[in-house]
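What follows is a short report on a single structure.
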There are 2 protein chains.
Amino acid sequence: MGNTGDMGIDVSGLGDFIRDQRDQAQMSLRQLAKAADVSNPYLSQVERGLRKPSAEILGRIAQGLRISAETLYVQAGILAQRAGDDTVTTAIAADRTITERQRTTLLQIYAAFQAENQATAANHSSESSDDETLNEQSKMEVSHGSE
Amino acid sequence: MGNTGDMGIDVSGLGDFIRDQRDQAQMSLRQLAKAADVSNPYLSQVERGLRKPSAEILGRIAQGLRISAETLYVQAGILAQRAGDDTVTTAIAADRTITERQRTTLLQIYAAFQAENQATAANHSSESSDDETLNEQSKMEVSHGSE
DNA sequence: CCCATGTGCTTGCATTTGCAAACGTAAGCG
DNA sequence: CGCTTACGTTTGCAAATGCAAGCACATGGG
């Protein structure tokens, strides 16, 4: 019982994250469960932090959500959360599974996304209809302060 | 029993790998088990492919072996082994300078680029005026041959 | 109203994971 | 020889994982 409680606390971030992704994808719990080839009661328990899924199940859920498995591994604490934009830039530049033109395109899109976020932070207006943008801002402010 | 057999076949690569690493580190099974804070009988079973350890246990074993957890995740089939693919995907997933939706979008574009390259390789036409595309093809053919 | 369909959750259970106690064997020492 | 220590393995079991059957509720249509 106590363990169950602890487990809920430890993994609730993951469950919330999966729930958020599912909402964004406008999928019902049963739809995602089917897409992920996971039982819907179990998915429900995972989202509510009552169960801690294995990496295999995480992989399947990620597939159903059409996001990378690594994203969920990070949320679950299986993979380390490496910060910094140079990591993405370096990785893309070094990637040989896509052409140079594609690499350039990806880097440009990435930079545009970052600029978009910077502009939103600079404005700091009440324009934000997106709670997630607000959360991102506060996180960036925190990390900036630590640097 | 039949399942155990299958499990042995599926995970024997991981077990052998752990055993090899342990031998190289000149540690006994009990020493590694202690360093990894894992029971030695269980570690024995893992090495012989009788059990499939969770990501958490893998992380602990990696710690005991003083190797990266990702190395064992790859061996266990939790993480993809394609170097470039893995690095970019992981980096994007972990990046906090862009929003979740932007991360998803980037990952989708990245995947689409890769699929595009796969399709180009499948066609294998002489249309390639790009030397780099040719290099990509030969690399992919090599990796395909090793599989 | 009733019925059908969809939603997320509860519950019992089979299987798997990881551990503790114990085992059999080998090596070194008095 | 017996004893101690170390080695890797066997075995039984508690807890956790993941599933199937079922539940309660909401919504829409005839």
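So you know, we letter chains A, B, ... as the sequences are listed, proteins then strands, and number each from 1.
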With side chains defined as the heavy atoms from C-beta onward, is the minimum distance between [X] and [Y] less than 4.5 Å?
X	Y	result
A/Gln102	A/Leu106	no
A/Ile67	A/Leu72	yes
B/Lys34	B/Arg30	no
A/Ile92	B/Tyr110	no
A/Thr97	B/Asn117	no
A/Gln75	A/Gln21	no

If you look at every strand shown and take non-hydrogen atoms under 4.0 Å, does B/Arg19 touch a base, only sugar-phosphate, or nothing?
-> nothing
Which part of the nucleic acid does B/Ile57 contact within heavy-atom distance under 4.0 Å: base, sugar-phosphate only, or nothing?
-> sugar-phosphate
Using whole Å, report how far [atom1] of [X] lies from [atom2] of [N].
X	N	atom1	atom2	value
B/Met27	D/dA6	CE	P	15 Å
A/Lys34	C/dG8	NZ	C1'	17 Å
B/Asp23	D/dG8	CG	C1'	13 Å
B/Leu29	D/dT10	CG	P	12 Å
B/Lys52	C/dT15	NZ	C1'	13 Å
B/Tyr42	D/dT11	OH	P	18 Å
A/Leu50	C/dT10	CG	C1'	11 Å
A/Leu58	D/dG18	CG	P	9 Å

If you check the [X] side chain, which of [options] turns out closest?
X	options	answer
B/Ser54	D/dC19, D/dG8, C/dG18	C/dG18
B/Arg30	D/dT9, D/dT17, D/dC23	D/dT9
B/Gln45	D/dC19, D/dT11, C/dT7	D/dT11
A/Pro41	D/dG18, C/dT10, C/dA21	C/dT10

side-chain N/O [X] vs [N] OP1/OP2, d < 4.0 Å:
X	N	value
B/Ser28	D/dA6	no
A/Arg60	D/dT17	no
B/Ser39	C/dC19	yes
B/Ser44	D/dT10	no
A/Arg48	C/dC9	yes

A/Asn40 (side chain) and C/dC9 (base): donor-acceptor pair under 3.5 Å = yes
Determine whether any donor atom in the side chain of A/Arg51 lies under 3.5 Å from an acceptor atom in the base of D/dG18, or the reverse, and answer yes or no.
-> yes
